[in-house]
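Written below as structure tokens is the structure these notes are about.
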There are 2 protein chains.
Amino acid sequence: MTIHVSTLCLGALSLGEASGYELKKFFEETFAHFHSASFGSIYPALSHLERDGLVTHRVEEQTHRPARKIYTLTANGRQRLAQTLDEVETGEQLRSDFLVQMFFAHLLPAGRVAAAVSGRLAATEAQIAYLEQVEARADLLPGMRFTVRYGLAVNRAKRDFLRSAEAHVPDTAGGCTDE
Amino acid sequence: MTIHVSTLCLGALSLGEASGYELKKFFEETFAHFHSASFGSIYPALSHLERDGLVTHRVEEQTHRPARKIYTLTANGRQRLAQTLDEVETGEQLRSDFLVQMFFAHLLPAGRVAAAVSGRLAATEAQIAYLEQVEARADLLPGMRFTVRYGLAVNRAKRDFLRSAEAHVPDTAGGCTDE
DNA sequence: ACCTACATGTAACCCGTTACATGATTTG
DNA sequence: CAAATCATGTAACGGGTTACATGTAGGT
């Protein structure tokens with residue numbers, strides 16, 4: 001079995017009550033580097049979880065702002081979360097359009113390869129900078145810190161590899177233009 | 001825009017004609033570490049590509065075996081592939097159920113964290129062994145070799161991190177059991 | 001006897017994203 | 001005056017997976 005948005009929601013709510021809107025922010029801030037979710041999946045997930053008795057909500061009215069629905073984990077929800085996390089198979093998978101591009105580098109126009117590499121390098125460096133900020137936070141549990149350090153280790157390896165690649169690859173994948 | 005199965009098929013066919021069945025094998029052998037595709041998406045993709053005039057096929061009858069449809073890239077197909085590869089945005093994203101598990105390590109039963117880490121370590125080591133074999137092949141174009149080395153760099157970083165984690169984390173995420 | 005490899009294909013399903021509708025308030 | 005932030009929700013769409021149907025041959 002794999003992790004879905006509903007499990008992510010349960011997980012986030014296990015750390016404290018929140019609205020759907022806040023959950024999205026939380027996902028972006030905290031585990032953007034290994035999962036994601038949009039409103040279109042979060043709101044339905046919360047409804048579904050409530051139908052199943054895993055969360056409840058109260059409405060918080062606000063002046064000059066839309067009312068918020070604050071969701072709270074129930075005892076059943078907490079139990080379900082623990083069970084799901086335990087049963088999930090410990091998988092990981094990369095989906096890299098960048099590597100597809102590189103794989104067929106010989107079909108790209110001159111300069112495109114170098115552009116792709118430096119683009120990816122910039123993105124990786126940004127990711128590192130971001131993770132370093134997160135790592136500095138004092139409120140992280142050991143498991144959370146683990147995910148950040150894992151991300152840092154992986155991204156630093158990517159960065160180093162891409163930097164050395166920038167030097168090695170002159171243009172169009174090492175001048176190996178066939179056809 | 002992102003890479004879809006049809007682009008993967010065009011790419012594989014740019015290296016030589018093949019049947020749908022062979023394409024699947026190729027995907028598994030050659031870029032399993034950054035993309036994937038199942039029959040349920042490959043066959044429809046090929047039909048669609050043929051409708052669009054990007055590939056053609058001939059039927060190869062076999063004795064005692066089902067007939068094969070051997071697909072070939074057309075000139076239009078080759079052009080489209082080059083164009084798509086050029087236009088794709090150079091993205092990359094990880095989807096890690098392992099890290100979700102780690103993030104909520106404090107909710108897991110004793111021993112589960114250690115099991116997850118060593119399971120992931122074994123998978124990573126297998127991946128490295130596999131990539132090392134691929135790297136040894138002489139028929140790889142520079143771009144293809146790049147993807148293999150990238151995979152090796154990333155996975156070795158993961159391996160090293162997980163090994164040191166195995167030592168550091170005694171059980172249940174560093175003895176941080178709350179609740 | 002059963003599983004695996006060979007080989008193609010389709011339909012049901014799943015789960016997610018994008019885009020929209022609604023609407024006040026703050027910031028550039 | 002436009003855009004972003006706050007806040008929720010839904011419908012259309014998309015793109016994939018799983019599972020099934022079909023059938024032979026060879027290995028265990």
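Model, not experiment: these values are computed from the prediction.
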### Summary
Residues joined to M1(A) in its hydrophobic cluster, side chain to side chain under 4.5 Å directly or through other members, sorted by chain and number, are none

#### Entry: Interatomic distance where NE2 belongs to H48(A) and C1' belongs to dT8(D) [whole Å]
19 Å

### Query
For residues 32-56 of chain B, which residue pairs qualify under salt bridge (Lys or Arg N to Asp or Glu O under 4.0 Å), counting only residues two or more places apart or in two chains?
none

### Message
Checking R95(A) now: which residues fulfil salt bridge (Lys or Arg N to Asp or Glu O under 4.0 Å) with it, not counting sequence neighbours?
### Response
D97(A)

### Task
Apply salt bridge (Lys or Arg N to Asp or Glu O under 4.0 Å) to R156(B) and list each qualifying residue two or more places apart in sequence or on a separate chain.
E132(B)

### Message
Can you give me the closest heavy-atom contact between V88(B) and T84(B), atom names plus distance?
### Response
CG2-O, 2.7 Å

#### Entry: For R163(B), all residues meeting side-chain hydrogen bond (donor to acceptor under 3.5 Å, both in side chains), sequence neighbours excluded
E125(B)

### Message
Is there a path of hydrophobic side-chain contacts, each under 4.5 Å between heavy atoms, that joins Y21(A) and F26(A)?
### Response
no

## Note on the structure
Residue pairs passing the salt bridge (Lys or Arg N to Asp or Glu O under 4.0 Å) test with at least one member in residues 138-147 of chain B, sequence neighbours excluded, are R137(B)-D139(B)

### Query
Could you write nucleotides 4-17 of chain C as a row of B, S and -, 5' to 3', where a protein heavy atom under 4.0 Å of any base atom gives B, of only sugar-phosphate atoms gives S, and otherwise -?
-SBBBBB----SSB

### Query
In whole angstroms, how far is the C1' atom of dT18(C) from the CD1 atom of I42(A)?
14 Å

### Query
Are OP1 or OP2 of dA25(D) and a side-chain N or O of H64(B) less than 4.0 angstrom apart?
yes

### Partners meeting side-chain hydrogen bond (donor to acceptor under 3.5 Å, both in side chains) with E92(B) (sequence neighbours left out)
S96(A), K158(A), Y150(B)

### Message
If you take any heavy atom closer than 4.0 Å to DNA chain D, which residues from residues 83-90 of chain A end up in contact?
### Response
none

Ignoring hydrogens and angles, write down the donor-acceptor pairs under 3.5 Å from the side chains of residues 38-46 of chain B, residues two or more places apart or on other chains.
{"residue": "S41(B)", "atom": "OG", "partner": "S38(B)", "partner atom": "N", "Å": "3.4"}
{"residue": "S41(B)", "atom": "OG", "partner": "S38(B)", "partner atom": "O", "Å": "2.9"}

### Integer-rounded Å distance: dT18(D) C1' and K24(B) NZ
12 Å

### Query
Using the C1' atoms of five pairs at each end, what's the angle between the two axes of the helix from dA1(C)-dT28(D) to dG28(C)-dC1(D), to 10 degrees?
40°

### Task
Could you list the residues that satisfy side chain to side chain contact (heavy atoms under 4.5 Å, CB included) with T74(B), not counting sequence neighbours?
T56(B), N76(B)

### Task
Send over the distance from F26(A) CZ to dC6(D) P, rounded to a whole Å.
17 Å

